**Q** 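Mind having a look at this structure? Questions to follow.
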Amino acid sequence: MPQKFQNLINGKWVDAKSGKTFENRNPANWNEVVGTFPKSGKEDVDEAVKAARAAFEKWRLVPSPKRGDIMRKIGDLLVARKEEIAREMTREMGKVLDETRGDVQEGIDTAYYAATEGRRLFGHTVPSELPNKFAMAIRVPIGVAGIITPWNFPMAIPTWKMFPAILSGNTCVFKPASDTPRTATMLVEIMMEAGLPAGVVNIVHGGGGEVGNAIVGHQDVDLISFTGSTGIGKNISKIASDTLKRVSLELGGKNAQIVMDDADLDLALDGVLWGAFGTTGQRCTATSRLILHEKVYDKFMSMLVDRTNKLKLGDGLLADSQVGPCVNESQRKTVQEYVQIGQQEGAKLVAGGKIATDGALSNGWFHQPTIFSEVTPEMRIAKEEIFGPVLSVIRTTDVTESIKILNNTIYGLSSSIYTRDINKAFQAIRDIQSGITYINAPTIGAEAHLPFGGVKQTGNGHREGGWTVYDFYTEWKAVYVDYSGSLQRAQIDNY
Ligand code: NAD
Ligand code: MN
């Protein structure tokens, strides 16, 4: 019998009210069931929101350095259980162990950052225009935060959202992706063990349609932080407008790496392989396009195809695996569809292109790392997010044209340029439309203490990470203290 997991509501582990469950399977071996989880509905969300609302009234009054102490404890517990969590994460979503360890590490970094932020949460003191009057702006918590997350970073992304939310004095109703409920459960177990009071964090498992929608539409949820696909993000934005919730959306990407003719080609090769095929291409920041200078095109392509064909596909738990499976059947089907689209559009398939079925791979959602060459900027495989191990290579001439090609998408999350020419690098920094730009490094590798997010249809202008995320989880309150003992009329008595 597979292990049975539950929701956490008001500090208690409970089944869905309906009693329904769903299975979570290992994408590297679909015969293995990781566990069963509650298939929750609106009635479960209502309970969780009620608990979070009640907890908020007390939690908001706990001094933030004390809240920070709990964050530090969460970080310590994550350190202690890092390997165990990484293994469970690989088992439920497939990426290789090195990467799931990195995913947990990002949670640890985010916890320790939040712990120190408990002693900052800076506001401003400013001069008043009137005598004997004091003016300042302080941050106040907002209330109940609805947290909806994808499966590709099952630890890092929930921590990016919930740690700053809770450190700031809010409480959370968390709906993880139904492909990664196990990692999410371990995270909230640890948060409770670290000493969070009942109701500060609640987890409700289930599908986006039922649980996600119920959270977004709920009258008593004050803000939504969502990471996922652009289509669903737009839908969330519409539903949330009914209650005028604050909404942070981190959505799709179509990231590119530019390689100029003066680049260190070996370095650029390591970068593009890691960017395109790390996490089986299933990162919002994955390198989905290579914009390659014509002078080095043939040479670099032969280096790239050679190394790609040598990548070892396999179960992420095995030490020699470099590329794991796609997360599920529908994701692999999408990849296959785009392989067809690329061929119909006239791009040249130069590596991979097929479902991988040899030996041990036959029971998992494996797909060969795939490269299309001679892609033109207007092709769909050059513009649309694929979210799988597929790289589209576009020929270019100079840096200005390369940047123009890079910007030719509705997305704007991450970007990269390999060049030894500082003038070109700074032109790229200025002109690339994206939230993140790397010089001589791949499109992936964001650090927890810097702003993370994208422009255009990658998001709605908010940032996660670092100090900037605290603007999302707090409301500004302006405070005036008049100690003059008389009525002083602003804009009137001082002029
Ligand atoms: P998804 O949009 O399918 O699901 C994300 C979450 O939303 C899941 O928890 C899902 O259950 C829930 N959901 C689904 N329908 C919903 C609805 N109608 N209402 C409310 N919630 C709903 O995305 P995914 O497949 O889990 O993740 C892949 C996508 O996420 C890609 O597009 C990727 O680019 C994006 N992503 C973006 C970032 C970023 O920071 N910009 C990071 C990681 C992933
Ligand atoms: Mn799974």
Side-chain angles (χ1 to χ4, degrees), residues 22 24 27 37 39-42 45 92-93 95 103 106 146-161 173-181 183-184 203-218 221 224-240 245 247-255 279-288 326-335 384-388 409-414 434-436 443-444 446 448 450-465 469:
F22 67 91
N24 175 22
F37 293 83
K39 193 168 192 299
S40 316
K42 187 175 178 307
V45 170
E92 78 171 341
M93 58 73 70
K95 66 185 173 186
D103 198 326
E106 193 145 337
I147 307 292
I148 303 176
T149 55
W151 48 265
N152 63 340
F153 285 89
M155 176 62 68
I157 292 177
T159 67
W160 288 355
K161 299 178 185 308
V173 175
F174 170 32
K175 193 214 87 67
S178 47
D179 276 310
T180 50
T183 308
I203 187 167
V204 185
H205 293 286
E210 305 80 47
V211 181
N213 264 334
I215 294 173
V216 177
H218 204 291
V221 171
I224 295 290
S225 181
F226 171 83
T227 297
S229 51
T230 293
I232 291 173
K234 287 180 184 176
N235 195 40
I236 284 177
S237 190
K238 280 183 199 138
I239 297 171
K245 287 180 184 30
V247 180
S248 169
L249 301 171
E250 291 293 344
L251 310 173
K254 185 70 182 177
N255 316 291
T279 318
T280 321
Q282 302 170 115
R283 291 183 182 230
C284 50
T285 53
T287 306
S288 188
C326 299
V327 74
N328 56 34
E329 183 174 17
S330 103
Q331 203 70 46
R332 187 168 76 172
K333 206 163 142 250
T334 304
V335 171
E384 297 174 15
E385 182 177 55
I386 300 173
F387 224 61
T409 153
I410 60 167
Y411 301 110
L413 184 54
S414 186
S434 69
I436 305 166
T443 58
I444 65 182
L450 273 81
F452 182 93
V455 303
K456 300 196 276 186
Q457 293 191 28
T458 289
N460 62 345
H462 294 288
R463 289 290 180 274
E464 306 204 274
V469 70

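Index from 1, following the sequence. Everything numeric in this text was worked out from a predicted model, so none of it was measured. Whatever order the structure lists ligands and atoms in, that order sets their numbers, starting from 1.
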**Q** Give a yes-or-no answer on whether the side chains of Thr285 and Thr443 include a donor-acceptor pair shorter than 3.5 Å.
**A**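 Thr285 vs Thr443: no donor-acceptor pair found between side chains.
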
**Q** Would you indicate which of Cys284, Gly228, Ser178, Pro154 comes nearest to atom 35 (C) of ligand 1 when only heavy atoms are counted?
**A**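 Comparing heavy atoms across Cys284, Gly228, Ser178, Pro154, the nearest one to atom 35 (C) of ligand 1 lies in Gly228.
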
**Q** Check the pair Arg283 / Ser414 against side-chain contact (heavy atoms from CB on, under 4.5 Å), numbers first and verdict last.
**A** CA-CA 11 Å; Arg283 291 183 182 230; Ser414 186; over 6 Å; no

**Q** Any non-hydrogen protein atom below 4.0 Å of atom 4 (O) of ligand 1?
**A**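 It does not; no protein heavy atom is within 4.0 Å.
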
**Q** Can you tell me which portion of Ile239 lies within the under-4.0 Å heavy-atom range of ligand 1? Options are side chain, backbone, both, or neither.
**A**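 For Ile239, there is no contact with ligand 1 at all, from either part.
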
**Q** Please identify which atoms of ligand 1 are closer than 4.0 Å to at least one heavy atom of Ile148.
**A**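 This gives 6 (C), 7 (O), 9 (O), 12 (C), 21 (N) as the contact atoms.
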
**Q** Quick check on contacts: which atoms of ligand 1 are under 4.0 angstrom from a heavy atom of Leu413?
**A**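 Reading through ligand 1 atom by atom, the close ones are 41 (N).
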
**Q** Does Thr458, backbone or side chain, put an N or O under 3.5 Å from an N or O of ligand 1?
**A**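 In this structure, Thr458 places no N or O atom under 3.5 Å from an N or O of ligand 1.
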
**Q** In Å and rounded to the nearest 0.5 Å, what is the CD1 to SG distance from Ile436 to Cys284?
**A**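 Here the interatomic distance stands at 7.5 Å.
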
**Q** For ligand 1, does Thr227 get within less than 4.0 Å through its side chain, its backbone, both, or neither, judged by non-hydrogen atoms?
**A**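 It is both parts that get close, each with some atom under 4.0 Å.
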
**Q** Thr279 side chain to Lys95 main-chain N or O, any donor-acceptor pair under 3.5 Å?
**A**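 Judged by distance alone, no pair lies under 3.5 Å.
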
**Q** Give the residue and atom name of whichever protein heavy atom lies nearest to atom 7 (O) of ligand 1, and the separation in Å to one decimal.
**A**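 Checked against all protein heavy atoms, atom 7 (O) of ligand 1 sits closest to Phe226 CE1, 3.1 Å.
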
**Q** Which value, rounded to the nearest 0.5 Å, describes the distance between Gln331 atom CD and Gln282 atom CD?
**A**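 Rounded to the nearest 0.5 Å, the CD-CD separation comes to 5.5 Å.
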
**Q** Quick one: sort the Trp160 and Phe452 rings into parallel, tilted or perpendicular, breaks at 30° and 60°.
**A**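 Tilted, since the angle between the ring planes falls between 30° and 60°.
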
**Q** Between ligand 1 and Trp151, is the shortest N or O to N or O distance under 3.5 Å?
**A**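 It does: an N or O of Trp151 is found under 3.5 Å from an N or O of ligand 1.
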
**Q** Heavy-atom distances under 4.0 Å are what count here, so tell me which part of Glu385 touches ligand 1: side chain, backbone, both or neither.
**A**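 Within the 4.0 Å criterion, Glu385 contacts ligand 1 through side-chain atoms alone.
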
**Q** Distance check, rounded to the nearest 0.5 Å: Thr149 atom OG1 versus Phe174 atom CZ?
**A**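 If I round to the nearest 0.5 Å, the distance is 4.0 Å.
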
**Q** With respect to atom 9 (O) of ligand 1, which of Thr149, Ile386, Ile147 exhibits the smallest heavy-atom separation?
**A**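 Answer by nearest heavy atom: Thr149.
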
**Q** Are any of the N/O atoms on Ser229, whether in the backbone or the side chain, positioned under 3.5 angstrom from an N/O atom of ligand 1?
**A**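 For ligand 1, there is an N or O atom that lies under 3.5 Å from one belonging to Ser229.
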
**Q** Please confirm whether Phe153 approaches ligand 1 to less than 4.0 Å, judged on its heavy atoms.
**A**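 Phe153: no contact with ligand 1 (<4.0 Å).
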
**Q** Heavy atom under 4.0 Å from ligand 1: found in Val211's side chain, backbone, both, or neither?
**A**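 No part of Val211 comes within reach of ligand 1.
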
**Q** Is it the side chain, the backbone, both or neither of Ile232 that has a heavy atom closer than 4.0 Å to ligand 1?
**A**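 The answer is the side chain.
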
**Q** Checking Asp179 side chain against Val327 main chain: does a donor-acceptor pair fall under 3.5 Å?
**A**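 Side chain of Asp179 to backbone of Val327: no pair is present.
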
**Q** Considering only non-hydrogen protein atoms, determine which one is nearest to atom 11 (O) of ligand 1 and report residue, atom name and distance to 0.1 Å.
**A**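 For atom 11 (O) of ligand 1, the nearest protein heavy atom is Lys175 NZ, 2.9 Å.
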
**Q** Quick one: look up the protein heavy atom nearest atom 27 (O) of ligand 1 and list residue, atom name and how far away it is.
**A**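 Looking only at protein heavy atoms, the one closest to atom 27 (O) of ligand 1 is Pro150 CB, 3.4 Å.
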
**Q** Check the side chains of Lys161 and Ser248 for a donor-acceptor pair under 3.5 angstrom, ignoring hydrogens and angles.
**A**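 Per modelled atom types, Ser248 and Lys161 side chains form no pair under 3.5 Å.
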
**Q** Which bit of Thr230 is near ligand 1, meaning a heavy atom under 4.0 Å away: side chain, backbone, both or neither?
**A**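 Neither part.
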
**Q** Looking at atom 41 (N) of ligand 1, what's its closest protein heavy atom, distance included?
**A**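 For this ligand atom, the closest protein heavy atom is Leu251 O, 2.7 Å.
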
**Q** Counting only heavy atoms not in Lys333, do more than 12 fall under 6.0 Å of its NZ?
**A**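 No, NZ of Lys333 has 12 or fewer neighbouring heavy atoms, counting only those of other groups under 6.0 Å.
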
**Q** Against heavy atoms of Ile157, which atoms of ligand 1 measure under 4.0 Å?
**A**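 Selected atoms, number and element: 42 (C), 43 (C).
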
**Q** Given the rule in the side-chain contact (heavy atoms from CB on, under 4.5 Å) test, do Thr159 and Glu106 qualify, once you have shown the distances and angles that lead to the verdict?
**A** CA-CA 8 Å; Thr159 67; Glu106 193 145 337; 5.7 Å; no

**Q** Looking only at protein heavy atoms, identify the closest one to atom 33 (C) of ligand 1 and say how far it is in Å.
**A**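 Here the nearest protein heavy atom works out to Phe387 CE1, 3.2 Å.
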
**Q** Could you list the atoms of ligand 1 found under 4.0 angstrom from a heavy atom of Phe452?
**A**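 By the 4.0 Å cutoff, the relevant atoms are 40 (O).
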
**Q** Would you give the length of the straight line joining atom CG of Asn328 to atom CG of Asn24, rounded to the nearest 0.5 angstrom?
**A**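 It is 10.5 Å, given to the nearest 0.5 Å.
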
**Q** Do Lys175 and Phe226 meet the cation-pi criteria used here (NZ or CZ under 6.0 Å from the six-membered ring centre, within 45° of the axis)?
**A**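 Output no; distance or angle outside limits.
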
**Q** Check the side chains of Lys254 and Thr409 for a donor-acceptor pair under 3.5 angstrom, ignoring hydrogens and angles.
**A**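 Their side chains do not contain a donor-acceptor pair, so the 3.5 Å distance test is not met.
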
**Q** Which of the listed options, Ala156, Gly465, Gly146, Gly208, holds the heavy atom that is closest to atom 22 (C) of ligand 1?
**A**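 It is Gly208 that holds the nearest heavy atom.
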
**Q** Short list, please: which atoms of ligand 1 are under 4.0 Å from a heavy atom of Asn152?
**A**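 Counting atoms of ligand 1 from 1, those under 4.0 Å from Asn152 are 43 (C), 44 (C).
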
